[in-house]
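First up is the structure itself, then whatever we jot down about it.
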Amino acid sequence: MAAVSHNSTPSASMNLIAVGATHKTASIEQREQLAFSEDETKTLLSELIDGGLLSEAMLVSTCNRTELYAVPALPEVDANYLKDFLIERKHARKDVRRDHFFSLMACGAAKHLFEVVSGVDSMILGESQISGQVKNAYRIAVESKATGALLNKLSHAAFSVSKRVKSETKLSDGAISVSYAAVELARKIFSDLSSKQILLVGAGETAELAAIHLRDKGARRIFITNRTAERAEKLSRQILMKETGGVIAFESFKTRLHDFDIIICAVGDAGELISAAELDAAMRQRKHNTLLLLDLGVPRNIDAKAATLYNVFLKDVDDLKLIIDKNVELRRAELPKVQAIVNEELIAFEQWHNTLQVAPTIRELQAKFEDIKKLELERIRHKVSPEQFAMMEQLADRILGKVLHLPISALKSPVDTAQTLISKLNLVRSIFELGEAEK
Amino acid sequence: MGNSLSFFTLALPISYLAATAAYSLNFFSTTASFKQLTRPALLAVTLLHCAYLLVMTFHQTFPPIASLHQIMSMIAFTLLTTYLFIELTTDEVSTGAFVLFAAFLFQLCSSAFIAETHTLDTSFKNPILATHILAALLGYSAIAVAGVYSLLYIMMLRQIQTNKFGTLFERLPNLETLETMSLRAVGFGFTFLTVAFISGAAWIPQSDGRFTFGDPKLIGLIMVWVIYGASLLLRQRLGLQGKRMAVTLAAGFLFSFLSMTAMNFFSSRFHAIQ
């Protein structure tokens, strides 16, 4: 298998540039200034393409990155030109400089897009939202008629990378947020969340995320209680639990503790809300059936002594952090597999690109031999019967096919560098006297 | 017959090992595709062992339970059958390696010693006695499987309680499923122990006085039957859920194992397997 050059030196053959500011190169304030809405993206792409600066372009703009993938149409359009263009476009010259951007060329740019779409380059390793965001960026570029053969192929290769990473690796497995880890822990204790009664104490951001994760994992009976009833109502509506769940008055939720299999407390500044004695009474009422208490509040909302009650699982933020650390470690262990997929797809992409370069030479080679065949066959047309001529023509086709198979295969075979490809093309053209290659 | 026996002697432990390997790969590896190997491997070894039992039954005109080596192979089969029942009713494949490895060991011992068997006790031709032995083996195997699941439950519980989220936490099913699996195994085992109890009682008049109500294994069987019956029927009333249930079932398994082993020393020849 051929090695692929991933450095940032421009390939003579692949005219692709990627420039961008990401969470690795720029601060959040700088990234905010460079963020593009969908309408702004469409306008930018139209301007770049219609203005004759680029022949193809795609802009990926998310909260963590603004990246432009471009096929320049003019020699003067280089990485710095594009960086300046983006900075000027967003009037961000005051805070953003060229060195807040990365720039990559050819295979380096392609590899970067593959890493972005697979979640390797994300702030949260393996986050899956990015693949949808890149698909959206491609859709906008297609709608703006800003894509051509190169970016179409590159984008589809990137989606293939994303699909393979999802199916062949566990890069996105495991919870890496406290609220998600809480739900994952619940799933390690209970088999079916849809049959469990769940109480959410609090309606803030953490409670909201926990409720959404619970709903996504099949929970149907989620009840919410909050000091401000309106916020509880709003969250209940948001997670669509009006029929099977609902809102419980904050003043009376403790009288119903025994009804619940999972209680999640996420009240920020309330201190202890539920005592061990109250939980002990609730456990007696529920005949000691398993109860999971998830205390996501800081300071903690549940008396730590409750952990000693029989069949009660009490976990706080620090406990859940251990699950997160473990999952991050597991995701990191998947990186070699992801890199292998990226490299395989990169080689396939580069080979596809090489075939674009060699296609004219192959066509000329086939045409030249076809002419020779026709010339030689014409010489004997009148010396043989039509049946014999047809047989000889078939024979000539078979011989030509076999003779041309070797040079065509050699041209299509993987190469280490663009220079090798050019050398190979020149050699074949020289041997078979094909003349100067078309520009 | 010799050729068939040689084939099964070799093929059975290999197929058990292959099934154990498939389930172990699924448990320990992070590659998701190993899961696809598990069910076919399980069904293949089940079919192969069924074929062996049919061939042997046809050949010796009664089920292959007439020697220690045949009994060991039958134990492997009953462990397999119990596991198959649990997997099919819970659709959970992650625990197969633990049960199938035990079944593999029994089958390996059986295959390694089977050539030494020359004479068979023909009293096993009696269908009631054969039913009694088969049901008892299925019952005790299911209790052993319930013991395995209870131990896995306790290990999983320990990992969750101590925040040591290791491989078992990652790969084992959740606590509720493990509890369901051990209860299914107990239910399965209790049913067959009941059959063993009834068929054993029915065989008394035909035992030519070789069997008495003082037989240690009968006493052991009654005790195990009562313990597991009470565990199942009075589970809610006794508050036997979660860890208490797991500890009870693990202790029950230990008691069954020890009572079977100890009582073998005091058993009459009738119940002692040659």
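Because the structure is predicted, anything quoted here is derived from the model rather than measured. By convention in this document, chain letters (A, B, ...) are assigned in the order of the sequence lines, proteins followed by strands, and residues within each chain are numbered from 1.
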Chain B: which of A/L322, A/T169, A/I189, A/L314 shares the most heavy-atom pairs with it under 4.5 Å?
-> A/I189
Compute both the distance and the angle, then confirm whether A/K188 meets the cation-pi test with B/F169: under 6.0 Å from the six-membered ring centre, within 45 degrees of the axis.
-> yes
Provide the closest heavy-atom pair for B/E176 versus A/S191 in the form atom of the first, atom of the second, distance.
-> OE1-OG, 2.8 Å
Which answer fits A/F313, side chain, backbone, both or neither, if we ask what part of it has an atom under 4.5 Å from a heavy atom of chain B?
-> side chain
Do other residues, nucleotides or ligands put more than 12 heavy atoms under 6.0 Å from B/K35 NZ?
-> no
Counting only heavy atoms not in B/F85, do more than 12 fall under 6.0 Å of its CZ?
-> yes
Side chain, backbone, both or neither of B/E179 within contact of chain A (heavy atoms, under 4.5 Å) | neither
The reported gap from CD1 in A/I323 to CG in B/N163 (rounded to nearest 0.5 angstrom) is 7.5 Å
Flag side-chain contact, heavy atom, 4.5 Å: B/F165 against A/D325 | no
Drop me the distance from B/L175's CG to A/R187's CZ, to the nearest 0.5 angstrom.
-> 14.0 Å
Taking B/Q241 for its side chain and A/N311 for its backbone only, find out whether a donor-acceptor pair lies under 3.5 Å.
-> no
Which atoms of A/L320 approach chain B - backbone, side chain, both or neither, heavy atom under 4.5 Å | neither
Nearest 0.5 Å please: distance from the NZ atom of B/K243 over to the OH atom of A/Y310.
-> 8.0 Å
If you count the non-hydrogen atoms of other residues, nucleotides and ligands that lie under 6.0 Å from CD in B/Q36, is the total more than 12?
-> no
A/Q129, CD: over 12 other non-hydrogen atoms inside 6.0 angstrom = no
Applying a strict 4.5 Å limit to non-hydrogen atoms, the region of B/L172 in contact with chain A is backbone
Could you look at A/N327 and say if it's the side chain, the backbone, both or neither that has a heavy atom under 4.5 Å from chain B?
-> side chain
Distance-only, no hydrogens or angles: does the A/K315 side chain make a donor-acceptor pair with backbone N or O of B/I160 under 3.5 Å?
-> yes
